[in-house]
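A short worksheet on the structure shown next.
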Amino acid sequence: MPAARPNLRTIADQLGLSVTTVSRALKDGPEVKPGTVAKVKAAAAEIGYQPDARGVMLRTGKTMQVCSILYSPEVGDYGDPGFLAQVESLAQGLEADHYSLVVLAQTSGEDPLVPVQKVHTQRMADAVVFSRTTLQDKRAKYCLQHDFPFVSFGRTELLTPHAFVDHDDEQAAYDAIKRLIEDGHRKIGMIDPHEALTFFGYRKHGARRAMMDAGLDPDSLIWMSSDVSVRAAREATIKLFTDQSDVTAIVCASQMTMIGALEALLELGMDTIRDGIGVVGFGGMPFRMLSKQKLTYYYQPQRHVGEVLARHLHDLMNGTAPEQLQTLLPYRRIDDLAAFREGEDF
């Protein structure tokens, strides 16, 4: 017969404590001495104790799980290492609260609201994380209406405040266009996601502001709509250079878009150095370019995003007001991708 699963009684008998004391120690109860807490946790780790999720749910109504929604079309061709880094750090950040992270895929033809409704109505998790936000995001509205805890990776324009983590895409887009103009570029293409997504609006505002500050017509920017995937960005970039032969620079919305754009230039027989093509990308993975192409990268580690998401989830589920859990993260500009990982703590 298989060995019995360790439980609170196992730890209590081993240490000569009551089950109640062991239970409170595992929850860092203030009424338990720190030394006892340490001994109980050490014993629990030694015997491989894990709380019975079904028992916890029966007693507390909690699943002890958080669900992160993955938009699967974005990882359908090359995968998205940025999402994986975010998931890893988010999962690690939840461990201190004894929460587990589950990932639920949203398919391309699926209404974005459906996975969130499923998590809530089927009690799959106690909170949810989702990205690709829109101005009047119906997932955020649903969670607010049903008092279901959530932290969005991206902002909305809803009147009711909610917790979020986001990149400062407006300022980064402003800086990218400003630098390209200073380098002599005037015909600039923007490879961006569908305009319904909130971060597109921030990027557009920043880019147009940079053009106006330089005394240039913001309407001369060329916008190419593309899903956030390598394949879609490659096709959009080929179309851009086919239709607009005088384009000298492209600004890509993500690391996947940037890779797609580089593939397109290769397919078109173009070279960033020889032909003076400016390429700018945004992303959260600290990779080095293996090719000799020149590009500029605006970097915000997805590992750090996951850490902030975890902190916000912890605080939100412990009563902190959502308006106090709104974080805007700046990008770091990297001009030499071939070198920036040297000594980098990524």
Side-chain angles (χ1 to χ4, degrees), residues 24 26-31 56-57 59-70 83 86-104 112-113 115-172 197-199 201-202 205 284 300-331:
R24 289 174 176 170
L26 289 171
K27 297 174 183 175
D28 294 304
E31 67 276 24
V56 171
M57 188 169 183
R59 292 193 306 274
T60 68
K62 295 180 179 180
T63 66
M64 301 308 294
Q65 293 189 147
V66 168
C67 182
S68 178
I69 307 295
L70 165 66
F83 179 79
Q86 182 189 120
V87 162
E88 180 184 18
S89 60
L90 173 55
Q92 290 175 342
L94 295 171
E95 287 177 353
D97 292 326
H98 306 292
Y99 267 86
S100 298
L101 181 69
V102 295
V103 176
L104 182 63
L113 180 59
V116 175
Q117 288 178 318
K118 185 184 298 183
V119 173
H120 175 243
T121 59
Q122 297 182 16
R123 300 181 71 186
M124 294 171 59
D126 301 325
V128 68
V129 175
F130 53 80
S131 59
R132 295 174 61 85
T133 55
T134 60
L135 295 178
Q136 297 295 315
D137 197 287
K138 54 187 177 182
R139 298 165 300 177
K141 286 183 178 179
Y142 177 89
C143 291
L144 290 168
Q145 289 167 358
H146 292 84
D147 197 25
F148 186 45
F150 75 99
V151 180
S152 62
F153 180 30
R155 286 166 282 177
T156 71
E157 289 191 351
L158 298 178
L159 295 179
T160 305
H162 64 82
F164 69 76
V165 181
D166 201 4
H167 295 145
D168 192 353
D169 280 284
E170 180 175 345
Q171 182 56 40
L197 297 180
T198 306
F199 87 99
Y202 288 116
H205 187 266
Q300 171 54 242
Q302 285 301 304
R303 169 185 48 78
H304 181 52
V305 172
E307 292 169 354
V308 181
L309 285 169
R311 289 201 298 269
H312 282 1
L313 284 163
H314 167 86
D315 292 343
L316 185 68
M317 291 190 288
N318 282 279
T320 301
E323 54 266 35
Q324 297 180 32
L325 304 172
Q326 299 177 335
T327 299
L328 193 60
L329 299 171
Y331 284 97

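Rounding to the nearest 0.5 angstrom, the gap separating the CZ atom in Phe153 from the CD atom in Gln302 is 4.5 Å. From Leu113, atom CG reaches atom CG of Asp137 across 9.0 Å, with rounding to the nearest 0.5 Å. A distance of 6.5 Å separates OG1 of Thr134 from CZ of Arg139, quoted to the nearest 0.5 Å. Between the CG atom of Leu309 and the CG atom of Leu316 there is a distance of 11.5 Å, given to the nearest 0.5 Å. To the nearest 0.5 Å, the span separating CZ on Phe199 from CZ on Arg155 amounts to 11.5 Å. Distance check: Lys138 NZ to Cys143 SG gives 13.0 Å after rounding to the nearest 0.5 Å.
With contacts defined as side-chain heavy-atom distances shorter than 4.5 Å, the pair Asp315/Gln324 does not qualify. The shortest distance between side-chain heavy atoms of Leu325 and Val151 does not fall below 4.5 Å. Asp168 is not listed as a side-chain neighbour of Tyr202, based on a closest heavy-atom distance of 4.5 Å or more. For the pair Arg311/His314, no side-chain contact is recorded, criterion being any heavy-atom separation below 4.5 Å from C-beta on. In this structure the side chain of His167 reaches within 4.5 angstrom of the side chain of Tyr331, judged on heavy atoms. Annotation: side chain of Pro149 is not in contact with side chain of Leu313 (no heavy-atom distance under 4.5 Å).
In terms of the ring pair (Phe, Tyr, Trp, His ring centres under 6.0 Å) criterion, His98 has no residue partners (sequence neighbours excluded).
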Residues 88-95 side chain polar contacts: donor-acceptor under 3.5 Å, at least two apart:
{"unit_1": "Ser89", "atom_1": "OG", "unit_2": "Ala85", "atom_2": "O", "d": "3.2"}
{"unit_1": "Ser89", "atom_1": "OG", "unit_2": "Gln86", "atom_2": "O", "d": "3.2"}
{"unit_1": "Ser89", "atom_1": "OG", "unit_2": "Arg303", "atom_2": "O", "d": "2.7"}

Do any side-chain atoms of residues 157-165 form donor-acceptor pairs under 3.5 angstrom with protein atoms, and if so which ones, sequence neighbours left out?
{"unit_1": "His162", "atom_1": "NE2", "unit_2": "Thr156", "atom_2": "OG1", "d": "2.8"}

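Note: His120 and Phe148 have tilted aromatic rings, judged against thresholds of 30 and 60 degrees for the angle between ring planes.
The main-chain N or O of Thr198 is never found under 3.5 Å from a side-chain atom of Thr133 such that the two would form a donor-acceptor pair.
A side-chain donor-acceptor contact under 3.5 Å links Asp126 and Tyr99.
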Do Met317 and Val66 pass the side-chain contact (heavy atoms from CB on, under 4.5 Å) test, and can you show the C-alpha distance, the side-chain angles, and the key distance before you say yes or no?
-> CA-CA 11 Å; Met317 291 190 288; Val66 168; 4.2 Å; yes
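When all heavy atoms of Glu323 and Gln326 are compared, the pair lying nearest together is O-OE1, 3.7 Å. When every heavy atom of Thr63 is checked against every heavy atom of Met124, the shortest pair comes out as OG1-O, 4.0 Å.
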